[in-house]
Amino acid sequence: MTTKAIRGTQDILPGQVEIWQRVEESARRTFALYGFQEMRTPIFEHTAVFLKTTGESTDIVQKQMYRFTDMGGNDLTLRPEGTPPVIRAYLEHQLGQGRSIERYYYIGPMFRYERPQQGRYRQFHQIGVEVLGTESAHLDAEVIEMVMRWLRDLGVRDLRLLINTVADEPSRVAYRKALVRAQAGHLDELCSDCHRRHRENPLRVFDCKVDTCQPVIAQLPSIHDYLSDTSASHFERLREVLGSWGMDYEIDPRMVRGLDYYRETVFEITSGALGAQDSLVGGGRYDGLVAQMGGREVPGVGFAAGIERIVLAMGGQPEATAADVFVVAFDDSTVSAVHTIVHQLRAAGVRALCAAYDGRSKKAQGSAARRSRAPWQLVVGPDEVQSDRYTLRRLADDRRLECSGEALVSTALSLANEPAANPTGSESRNDG
RNA sequence: GUGAGCGUAGCUCAACUGGCAGAGCACUCGGCUGUGGCCCGAGAGGUUGGGGGUUCAAGUCCCCUCGUUCACCCCA
């Protein structure tokens, strides 16, 4: 079957795409308020870009990359996440001069070879943000507040903000040692997955959901008992700022993010409206990443948000309308009048449609009108043409407005701009 | 990569222990109606995801495969 999208990919059809546009436009508008500018990078890079940043030990690098060799023999990879390309571009174009603070956002597809399920796809889409050039916890708070505002504005349901710290290197070394020691004493009480985690990444034991492991997990030491002075004060300052802005959040002392480069602050935003894949946004601080790619020591903080999951968490949205006014020809004698009116409406900025083609009956035109979900209808018959009196009718409540042919365009224009008339379809035109 | 469930018309789903593939909605045409939702009549729409096997006979049973859903793993 060749007429089928590749596994883990999907078409976003009219009716659904308007919701995506709303999510994207809302992000652009919100992020612009905070001084962010868009950056667009290629969707593939030299594989080394991801090996050196995302981290060789991560699942992404080990088993999820769409990696291929092009005809020139280059080792390339479809980007599995957005941060490495942004850092690469930042270095290539020497964007951070002096002590400047750079704020970028990106929107686009990412690719990971995984088993698809609800909210998880092989080609998925992220809106992400990166701030480069400051280690101030104030920026951690700023991006968190920004993304929360954006999601709230979109009407995403059941939002939950979780924050934690993965601390600096000395703290992590000390903590990891303590953790391994604590786990080692209870290995016989832990499941097989936990044994593996204990060997490979002891922090991940915290993610275990097996009941019998919980008593042990509950008694494991917390990273918060091993924070260096700098890590402790960084996290404390973040909490102060979030608190002073009245932000609700929870500290999840066991949260660990899956990318190797995170330092200090990590955070996650989930929605209770989703299933197992409930993470809408993941982010954190990545001081040291730029240096790791060969640049100066430039600290950074950012996040990535999954558009598919946000759309899911927004729940059922009203179907977009294809037009504001649908014009129906009463009979063959008025077909050309209908096309003239449609032409004039469009020229004035009113989204207008008709179906007076191929000799379609009045009834067929009416069906097309219904399918278009156009709120207003205008029937043009011999009587209207002769008397020069036209009636715009709203189907929802049978509201009727009568006017002359001359006033038709201006009347329709004012109706089309009534916000209630059209929830999603004409947002861009009304932006002003 | 692991485990389980499910694939029948555009959509939602039927078809008793194997026995002529159906309904509702949607769609097209016609009737009624100076306005698109109501009513009446007609029509179109399928290789039952694909391949193989058992059988007189397979949507139904068996094997393989693809897709999808849920969970694990992991993450957005």
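Every chain is numbered from 1, with letters handed out A, B, ... down the list of sequences.
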Original post:
Does the side chain of A:Thr321 come under 3.5 Å of the side chain of A:Arg351 through a donor N or O and an acceptor N or O?
Top reply: yes
**OP:** Check whether any side-chain N or O of A:Gln117 sits under 4.0 Å from OP1 or OP2 of B:A71, and answer yes or no.
**Re:** yes
**OP:** Would you indicate what A:Tyr121 reaches in the nucleic acid, counting non-hydrogen atoms under 4.0 angstrom: base, sugar-phosphate, or nothing?
**Re:** base
Original post:
Mapping A:Pro116 and A:Ile269 onto RNA chain B by nearest heavy atom, which one lands closer to the 5' end?
Top reply: A:Pro116
Original post:
Are A:Asp287 and A:Arg285 ion-paired here, with the side-chain N under 4.0 Å from a carboxylate O?
Top reply: yes
Original post:
Can you tell me if A:Arg176 and A:Tyr226 form a side-chain donor-acceptor pair at under 3.5 Å?
Top reply: no
Subject >> Contact pattern, 5' to 3', of nucleotides 33-38 of chain B - B, S or - by protein heavy atom under 4.0 Å >> reply: -BBBB-
Original post:
Does A:Arg7 put a side-chain nitrogen or oxygen below 4.0 Å from OP1 or OP2 of B:C66?
Top reply: no
Original post:
Does a side chain donor of either A:Gln183 or A:His198 reach within less than 3.5 Å of an acceptor in the other side chain?
Top reply: yes
**OP:** Please work out if A:Gly8 contacts a base, only the sugar-phosphate, or nothing of the nucleic acid, heavy-atom cut-off 4.0 Å.
**Re:** sugar-phosphate
**OP:** Assign the ring pair A:Phe31 / A:Tyr105 to parallel, tilted or perpendicular, where the plane angle (0 to 90°) is split at 30° and 60°.
**Re:** perpendicular
Original post:
Shortest non-hydrogen contact from A:Phe235 to A:Asn164?
Top reply: CE1-C, 3.6 Å
Original post:
Base, backbone or nothing for each nucleotide of nucleotides 1-7 of chain B, written B, S, -, heavy atoms under 4.0 angstrom, 5' to 3'?
Top reply: BBB----
Original post:
Does A:Glu18 come within less than 4.0 Å of A:Arg22, counting only side-chain N to carboxylate O?
Top reply: no
Original post:
Could you give the CZ-to-P distance, from A:Phe267 to B:A76, as a whole number of Å?
Top reply: 11 Å
**OP:** Indicate whether the side chain of A:Arg149 and that of A:Tyr34 have a donor and an acceptor atom separated by less than 3.5 Å.
**Re:** yes
**OP:** Indicate, with a heavy-atom threshold strictly under 4.0 Å, whether A:Gly119 touches base, sugar-phosphate, or nothing.
**Re:** base
Original post:
Can you tell me how far P of B:A76 sits from CE of A:Met314, to the nearest Å?
Top reply: 21 Å
Original post:
Would you say the side chains of A:Ser171 and A:Asp168 form a donor-acceptor pair under 3.5 Å?
Top reply: yes
